[in-house]
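All residue numbers in this chain count up from 1 along the given sequence.
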Amino acid sequence: MAAPIPTKPGFYWARWMQASDGTHEGDELTPAREWEIVHVVENCNDETDAEYLAVMVPGVREWQWREDFCWGDFVADERDVNP
């Protein structure tokens, strides 16, 4: 199910492999055994910035970085979920 790292906002299947620095209880939460849907969002306006996109994991207060996941299939565009 491995897929390329997302390059646009939306919802994706992913397995969280490691917590980004500063994540509350990150060592206890990762690595995730199950695939789950995560929300990839724009973190800044510069598409060339390495931190352009960030990942929201349900139940985790800190944003995560795309490199910390094993990526699966695209699920839905944000506009499809929040018209």
Side-chain angles (χ1 to χ4, degrees):
M1 186 169 174
I5 194 167
T7 57
K8 65 178 188 170
F11 295 88
Y12 297 81
W13 283 104
R15 272 189 36 213
W16 194 19
M17 303 309 289
Q18 67 182 20
S20 297
D21 289 341
T23 301
H24 181 72
E25 299 177 342
D27 291 339
E28 297 172 18
L29 298 170
T30 57
R33 294 182 184 182
E34 303 294 327
W35 289 88
E36 62 183 303
I37 295 175
V38 297
H39 189 185
V40 176
V41 300
E42 287 184 2
N43 184 54
C44 69
N45 293 329
D46 182 359
E47 292 183 28
T48 64
D49 189 318
E51 296 181 354
Y52 167 61
L53 296 174
V55 184
M56 194 281 293
V57 178
V60 178
R61 70 176 115 172
E62 295 86 7
W63 293 99
Q64 302 297 303
W65 302 116
R66 295 173 294 162
E67 295 77 20
D68 296 326
F69 295 83
C70 177
W71 290 100
D73 293 334
F74 173 78
V75 175
D77 189 278
E78 291 179 326
R79 290 170 282 181
D80 295 335
V81 177
N82 297 315

If you group Ile, Leu, Val, Met, Phe, Trp and Tyr by side-chain heavy-atom gaps below 4.5 Å, do Leu29 and Trp65 land in one group?
no
Are the side chains of Val38 and Trp16 in contact, using a 4.5 Å heavy-atom criterion?
no
All heavy atoms of Ala19 vs all of Gly26, minimum pair found to be CB-CA, 3.5 Å
Parallel, tilted or perpendicular for Tyr12 and Phe74, by the 30°/60° rule?
perpendicular
Decide if atom CG of Asp27 counts as having more than 12 heavy atoms of other residues, nucleotides or ligands within a radius under 6.0 Å.
no
With heavy-atom distances below 4.5 Å as the criterion, would you say the side chains of Trp71 and Val40 are in contact?
yes
So, taking the atom named CD in Glu42 and the one named CG in Asp49, what distance separates them when rounded to the nearest 0.5 Å?
12.0 Å
Single-linkage hydrophobic cluster Val57~Ile5, side-chain heavy atoms < 4.5 angstrom:
yes
For Glu62 and Ser20, which I'm curious about, is there any donor-acceptor pair between the side chains at under 3.5 Å?
no
Considering residues, nucleotides and ligands other than Asp21, do more than 12 of their heavy atoms fall under 6.0 Å from its CG?
no
Can you see which heavy atom on Gln64 is nearest to which on Gln18, and at what distance?
OE1-O, 4.3 Å
First locate atom NZ of Lys8, then atom CG of Leu53, and finally report the distance between them rounded to the nearest 0.5 Å.
11.5 Å
Between CD on residue Glu51 and CZ on residue Arg66, distance to nearest 0.5 Å
10.0 Å
At what distance, to the nearest 0.5 angstrom, does CH2 of Trp13 lie from CZ of Arg15?
13.0 Å
Residues sharing Met56's hydrophobic cluster, by side-chain heavy-atom contacts under 4.5 Å among ILVMFWY, directly or via others?
Val41, Trp63
